[in-house]
Amino acid sequence: MTLPTDPAANLAALIRCPSVTPAEGGALVALEAMLKPLGFSIERPVFSEDGTPDIENLYARRSGNGPHLMFAGHTDVVPVGDEAAWTHPPFAAEIANGEMYGRGAVDMKGGIACFIAAVARHVAKNGGPKGSVSLLITGDEEGPAINGTTKLLDWAAAKGEKWDASIVGEPTNPDALGDMIKIGRRGSMSGSVTVNGRQGHAAYPQLADNPVRGLMSLVDALLHPVFDEGTKDFQPTNLEVTSIDVGNPATNVIPAKATAIFNIRFNDTWDAESVQAEIHNRLDQAAGRKKYRPDKKTPVDYELVWRDRPSHVFLTRDDKLIDKLSGSVKAVVGKTPALSTSGGTSDARFIKDYCPVVEFGLVGKTMHMVDERVALADLETLTQIYERFIEDWFGQGLS
Ligand SMILES: N[C@@H](CCC[C@H](NC(=O)CCC(=O)O)C(=O)O)C(=O)O
Ligand SMILES: [Zn+2]
Ligand SMILES: [Zn+2]
């Protein structure tokens, strides 16, 4: 029987599945095909909640006598964006100049492909680890994350599953494999601000109330001043405006409404409540400013809506697990990774409530971009690191 020891072949099979959240796209079927020959028992729970799409997930376990290592990840991917701008089609897994192109190549079908190849090599060489290995894979990491990892963990724990450690295979390395292990993340929250104005003729602005002017004041206040300078463990808090939308096809009509959407990444100076209070305060102050609406007597009429659930700031530092993983990285690439909480959030925020967890995966430079791609050499190196970690973690015990 052929075992899935080649990470590039595993990844190509996964990239060819168009699993943009919330679509399964065949990705979990492809995973089952890789995991069955390795002796995993596989379950595919589907979770639902009102107002959110149903999500297919996968939990696979290869049981053995000894500790239990869980690898966690997601097969869903973000949309491709401007498909015409890709130099290779996003779901074809084409290889050029030693790199495989495709949505999910690094975030994070590539990480899953490498972990499976690592287990396969370990099984081929040693007959399998001295303990249990499981894969906890969601189809809802990039989306609202309501019917994914959090429910999958509850569901597995209710069946008696217990884990001694977990690795999340998000692309943690900024430039080269071995750069960085993630040991926590900033919080994340999104909201929208809609300004209600009064529609009218662009040549008679005194008869209208242009909501774009009001929105400019509010957006300015969201961006300035900076929220903080960062803390010992975390980057500075940062807010990005991700959309400004008026939906106005005419050039000479002042629209009735204008909306901005924003996402804020906050450090441990804040929690979700204090961020919300700060944003409210900034908007209230800005609503009365005259800069863009000198002739208006009333403040900007706006509505703030918080979207989705906030993701909380968290640290997962576990020195024993970090030492073991750092040692495995060093053994393969010759350098000790930095420990960081930089970048986005991850499902480690749910896993930390069940067992020690660290994050380590591919180089993330092209994640969410057009032409997402991974060096084939990196796939091989990450596979070797994961294999080495499996050997070290099961072989030397947990201390
Ligand atoms: N929208 C989801 C969470 C979205 C998670 C996403 N994470 C990444 O892209 C990983 C990036 C990295 O490794 O730095 C994000 O941070 O937006 C929810 O809110 O639950
Ligand atoms: Zn990801
Ligand atoms: Zn992502």
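Every number for a ligand or one of its atoms is a count from 1 in the order of the listing.
Near His368, the atoms of ligand 1 lying under 4.0 angstrom from a non-hydrogen atom of the residue are 9 (O). Below 4.0 Å from some heavy atom of Arg349 lie the following atoms of ligand 1, by number and element: 18 (C), 20 (O).
With respect to the salt-bridge test (charged N to carboxylate O, under 4.0 angstrom), the residues Arg317 and Asp319 qualify. Between Arg185 and Glu170 there is no salt bridge, since no side-chain nitrogen of the basic residue lies less than 4.0 Å from a carboxylate oxygen of the acidic one.
Checking only distances, Arg309 never comes within under 3.5 Å of ligand 1, N or O to N or O.
When you scan the N, O or S atoms of Glu142 for the one nearest the Zn ion (ligand 3), you land on OE2. With respect to the Zn ion (ligand 2), Glu170 has OE1 as its nearest N, O or S atom. As for Asp107, its N/O/S atom nearest the Zn ion (ligand 3) is the one called OD2.
By the 6.0 Å and 45° rule, Arg265 does not stack over the aromatic ring of Phe234.
Taking the six-membered ring where tryptophan is involved, the planes of Trp155 and Tyr59 are perpendicular, since the angle between them exceeds 60° and thus also 30°.
If you check which protein heavy atom lies closest to atom 4 (C) of ligand 1, you get Glu141 O, 3.6 Å.
No part of Ser190 comes within 4.0 Å of ligand 1, judged by heavy-atom distances.
Using modelled atom types, one side-chain atom of Asp76 and one backbone atom of Glu142 make a donor-acceptor pair closer than 3.5 Å.
When distances to the Zn ion (ligand 3) are checked against a cut-off of 2.8 Å, His74 contributes no N, O or S atom below that limit.
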